S.K.: 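One structure, pasted below without further comment.
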There are 2 protein chains.
Amino acid sequence: MEKGKITLNDIARIAGVTIGTVDRAMHNRSGISEKTRQKILDIAKEYDYKPDIIGRSLSMKRKRLKIGVLLRREPTFFWDHAARGIRVAAKEMEAFGINPQIEYFHMTSGFTDEEYIAMYRSTLIQMNEDHKNAFILVPVNHPFLVEDVNFLNKKGIPVVTLNDDREDSQRIFHIGPDTYQSGRVAAQLTGGLLSGQGRVLLYTANYSSSGYFLRKKGFMDKMHESYPDIHITERNQKTVLEAFYGGDVDIRSFDCICNIDGATVSEGVALLKQKGDVDFIKYIGFEINSDVKEHLADGSIHAVISQDAFSQGYFALRMLCEYLVYAKQPKYDRMFVRCDIILKENMIINDRIVNPYFMGD
Amino acid sequence: MEKGKITLNDIARIAGVTIGTVDRAMHNRSGISEKTRQKILDIAKEYDYKPDIIGRSLSMKRKRLKIGVLLRREPTFFWDHAARGIRVAAKEMEAFGINPQIEYFHMTSGFTDEEYIAMYRSTLIQMNEDHKNAFILVPVNHPFLVEDVNFLNKKGIPVVTLNDDREDSQRIFHIGPDTYQSGRVAAQLTGGLLSGQGRVLLYTANYSSSGYFLRKKGFMDKMHESYPDIHITERNQKTVLEAFYGGDVDIRSFDCICNIDGATVSEGVALLKQKGDVDFIKYIGFEINSDVKEHLADGSIHAVISQDAFSQGYFALRMLCEYLVYAKQPKYDRMFVRCDIILKENMIINDRIVNPYFMGD
DNA sequence: CTGAAAGCGCTTACAG
DNA sequence: CTGAAAGCGCTTACAG
């Protein structure tokens with residue numbers, strides 16, 4: 001008997017029982033004597049039994065895995081990529097009958113916080129009525145979120161948090177950007193580009209997100225450690241217009257703009273172009289979309305750091321499925337996607353580049 | 001009948017035939033009347049039949065897919081990663097019973113070209129005697145390679161080329177680095193770092209490889225286009241010692257060393273450290289290993305560009321399996337892996353970063 | 001030219 | 001506590 005190639009049927013034959021009994025032993029099901037269970041487990045161990053995933057999958061066909069996914073809506077380029085990552089992973093796992101149902105919720109304008117929470121919660125309840133096997137959620141910042149996650153968990157419905165985390169909840173794991181580290185990467189790029197000298201304008205429209213706060217902190221920490229001679233001016237006005245041209249700002253006195261806030265990058269560059277200042281200042285941003293690609297191509301953006309939403313979605317679904325199908329526990333309960341540095345010359349412009357980004361097409 | 005969820009059994013029932021006949025129709029097998037075949041195909045189309053990959057796989061278990069893989073040996077860190085990518089992909093596809101047999105051949109020293117070719121070829125023949133279903137090969141530069149690839153292809157054994165390509169052969173597709181583009185990326189990094197001014201030492205131990213030649217060309221092209229004021233000195237001595245300190249070289253007259261030749265990067269940096277020159281010059285290299293990681297961490301290397309061997313192996317096996325199992329033709333017959341820019345702050349130092357590099361562990 | 005059946009490796013409802 | 005059997009969706013060797 002070749003090691004590792006043994007099947008449940010083989011074990012049954014060796015143990016002198018039937019396959020049903022073997023199954024009971026392997027899955028710690030009830031209705032089996034301790035003695036037979038031990039005998040069977042010993043045999044399994046001796047012959048290094050590994051369950052055949054595809055036999056199991058075929059048999060599992062009867063109950064397809066329904067996974068509820070609740071994402072944000074804006075910025076759309078970002079969340080579209082996340083949804084795409086989820087669909088690609090689902091397609092890869094289609095052998096296991098994964099069936100993700102993706103819903104979105106808006107966080108932009110026109111509603112009070114309470115109204116958002118209510119909308120979010122009602123969507124969640126509605127999705128759950130369809131008897132989901134698991135959820136992938138982008139959490140909102142409200143105590144109920146923890147309650148609901150814990151409730152689902154108690155009912156045996158695991159929850160994964162995407163992009164934002166609630167460590168105080170019983171989500172089984174989290175996948176998101178390493179925002180602090182991405183700030184450090186931006187600082188190293190900036191410092192290298194300025195040879196450790198000069199003036200930097202650091203801009204964010206939105207510090208309310210803890211992600212942006214952490215990114216700024218990463219940027220500042222790395223600057224203080226490695227480039228103490230660079231002078232940093234923070235601006236966090238609501239619009240790039242105010243930030244770059246409001247008050248008594250002389251934009252040309254800066255050597256570099258670092259735009260912490262991924263959502264306003266292309267807007268910021270467009271403004272510099274319009275004012276005729278774009279050639280006098282280096283621009284470093286976050287995240288990539290088609291506008292940003294154009295700015296990279298024509299040289300008006302030097303670099304962006306991407307912690308791509310696609311990978312977040314892809315790995316969230318994939319690791320969740322491995323958890324559901326193989327009972328494989330992720331190594332950590334908090335994981336991050338890579339910080340990719342994207343310049344004109346290494347941005348991906350065609351699909352001859354093999355890459356998870358394109359595997360689903 | 002839900003669209004797309006129809007099975008062969010359903011079709012058989014609808015057509016009033018048995019599943020064996022449906023199978024004959026779907027696979028263009030002989031022994032079926034044109035009329036029944038048409039009827040069955042029409043039904044399949046109408047109900048949007050998609051074969052269930054996992055049913056097929058289970059049934060295919062009887063003939064596991066044996067794939068022969070022939071890689072180089074040196075530099076080991078590189079080919080170990082390629083082999084690892086292949087194993088990870090095989091594990092991911094284990095549902096389909098993929099069984100890669102990986103062999104290596106040396107290209108270093110002590111043999112004539114003819115002897116190498118003979119060794120390579122005998123290994124290939126030996127592997128093929130085990131009735132492989134497909135091959136992944138790192139080609140050697142000899143006409144016989146084309147002959148053998150074409151011979152295998154004619155016998156219905158597809159061949160994929162890895163890292164190097166032979167476009168004149170009938171390999172079904174190629175995956176490798178985009179060496180020309182990686183040279184351009186290095187040039188953009190260098191140019192940015194020097195703000196378009198200064199002197200660069202461009203070093204390669206080995207121009208005989210067409211990969212290094214193309215990389216150099218990419219570097220030069222981008223420099224001429226974007227940073228015409230940077231002065232470039234080429235050195236291609238056999239050792240870094242000769243290149244950096246041989247003749248009348250004053251290494252400190254350079255602002256930056258760009259080391260085209262991925263295999264000598266850590267050696268070069270170690271030499272600069274030993275001579276006390278490392279703080280006076282920026283270093284840009286290619287490929288990453290544990291030594292290079294240390295140099296990145298302590299700041300003696302500014303950046304490396306990685307076209308990781310892992311991905312080459314991973315995608316080669318994966319796309320080959322998709323070809324064998326689903327008959328899925330890759331979009332292009334020549335594909336490249338990404339050029340990743342790696343600085344101290346974004347190099348991956350722990351496995352909390354979700355990444356194909358770590359998916360197999 | 002077509003049918004009937006076994007088999008891939010597992011899970012699960014049912015019978016005893 | 002254990003067994004016997006059906007079934008997941010496909011492929012294939014054999015019978016007619």
Side-chain angles (χ1 to χ4, degrees), chain A residues 1-2 4-40 44 47-65 94-99 133 324-327, chain B residues 1-2 4-40 44 47-65 94-99 133 324-327:
Chain A
M1 186 62 59
E2 194 190 342
K5 301 291 174 208
I6 199 171
T7 72
L8 289 186
N9 257 313
D10 297 328
I11 295 181
R13 206 168 13 77
I14 296 168
V17 296
T18 158
I19 184 175
T21 307
V22 175
D23 185 68
R24 274 181 279 269
M26 305 302 289
H27 291 86
N28 283 312
R29 281 193 244 285
S30 61
I32 180 171
S33 75
E34 195 43 48
K35 203 178 135 208
T36 4
R37 178 194 303 283
Q38 239 353 294
K39 184 161 96 186
I40 288 168
Y47 289 90
D48 192 24
Y49 171 74
K50 299 244 187 298
D52 182 293
I53 195 60
I54 112 130
R56 169 181 292 170
S57 308
L58 190 57
S59 147
M60 291 284 221
K61 272 263 149 148
R62 302 170 190 183
K63 43 170 186 181
R64 300 181 85 80
L65 290 175
E94 73 180 341
F96 309 117
I98 308 305
N99 193 357
N133 300 96
L324 294 168
V325 177
Y326 305 71
Chain B
M1 186 60 60
E2 196 190 342
K5 301 292 174 204
I6 200 172
T7 73
L8 289 188
N9 257 313
D10 298 328
I11 295 181
R13 204 166 16 76
I14 295 168
V17 296
T18 158
I19 184 175
T21 307
V22 175
D23 185 68
R24 275 180 279 268
M26 304 303 288
H27 291 85
N28 284 311
R29 282 192 244 285
S30 61
I32 180 172
S33 76
E34 196 42 48
K35 201 178 136 208
T36 3
R37 179 196 301 283
Q38 240 349 297
K39 184 160 97 184
I40 288 168
Y47 288 91
D48 192 23
Y49 171 74
K50 299 243 187 299
D52 183 294
I53 195 61
I54 110 131
R56 167 181 294 169
S57 308
L58 189 57
S59 149
M60 292 282 220
K61 271 264 147 146
R62 300 168 191 185
K63 45 170 184 182
R64 300 182 84 82
L65 290 175
E94 72 181 341
F96 309 117
I98 308 304
N99 194 357
N133 302 95
L324 293 168
V325 177
Y326 305 73

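From a predicted model like this one, the values you see are computed outputs, not experimental measurements. Convention: sequence-line order gives letters A, B, ...; per-chain numbering from 1.
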S.K.: Please state how far atom CG in A:Asp23 lies from atom P in C:dT11, giving the value in whole angstrom units.
M.R.: 5 Å

S.K.: Roughly, in whole Å, what's the span from CZ in B:Arg13 to C1' in D:dC10?
M.R.: 16 Å

S.K.: I need the OH-P distance between A:Tyr49 and C:dG9, as an integer number of Å.
M.R.: 10 Å

S.K.: Please determine if B:Lys50 and B:Asp48 form a salt bridge, counting it only when a charged side-chain N lies under 4.0 Å from a carboxylate O.
M.R.: yes

S.K.: Starting at atom CG of B:Leu8, determine the distance to atom P of D:dT11, rounded to an integer number of angstrom.
M.R.: 6 Å

S.K.: Short question: side chain of B:Thr7, backbone of B:Asp10 - any donor-acceptor pair under 3.5 Å?
M.R.: yes

S.K.: Could you list the residues that satisfy salt bridge (Lys or Arg N to Asp or Glu O under 4.0 Å) with B:Arg37, not counting sequence neighbours?
M.R.: B:Glu34

S.K.: To the nearest Å, give me how far apart CG (B:Asn9) and P (D:dT11) are.
M.R.: 12 Å

S.K.: Nearest whole Å is fine: how far is D:dC10 C1' from B:Asp10 CG?
M.R.: 13 Å

S.K.: Contact between B:Val22 and B:Asn9 at the side-chain level, heavy atoms closer than 4.5 Å - yes or no?
M.R.: no

S.K.: Between protein and nucleic acid, restricted to nucleotides 2-4 of chain D and to nitrogen or oxygen atoms under 3.5 Å apart, what atom pairs and distances do you find?
M.R.:
unit_1	atom_1	unit_2	atom_2	d
D:dT2	OP1	A:Thr36	OG1	3.3
D:dT2	OP2	A:Ser33	N	3.1
D:dT2	OP2	A:Thr36	OG1	2.9
D:dG3	OP2	A:Thr18	N	3.1
D:dG3	OP2	A:Thr21	OG1	2.8
D:dG3	N7	A:Arg24	NH2	3.0
D:dG3	O6	A:Arg24	NH1	3.4

S.K.: Let me check I have this right: for DNA chain C, each base becomes ., (, ), [, ] or |, based on Watson-Crick or G-U pairs with both distances under 3.5 Å. What is the full string?
M.R.: |||.||||||||.|||

S.K.: Return the value, rounded to whole Å, for the distance between atom CD1 of A:Ile11 and atom C1' of C:dC10.
M.R.: 12 Å

S.K.: For B:Thr18 versus B:Ala12, what's the shortest heavy-atom pair and its separation?
M.R.: C-CB, 3.8 Å

S.K.: The criterion is side-chain contact (heavy atoms from CB on, under 4.5 Å); which residues satisfy it with B:Ser33, sequence neighbours excluded?
M.R.: B:Lys35, B:Thr36

S.K.: Could you tell me which residues satisfy side-chain contact (heavy atoms from CB on, under 4.5 Å) with B:Ala44, sequence neighbours excluded, listed by chain and number?
M.R.: B:Ile11, B:Met26, B:Tyr49

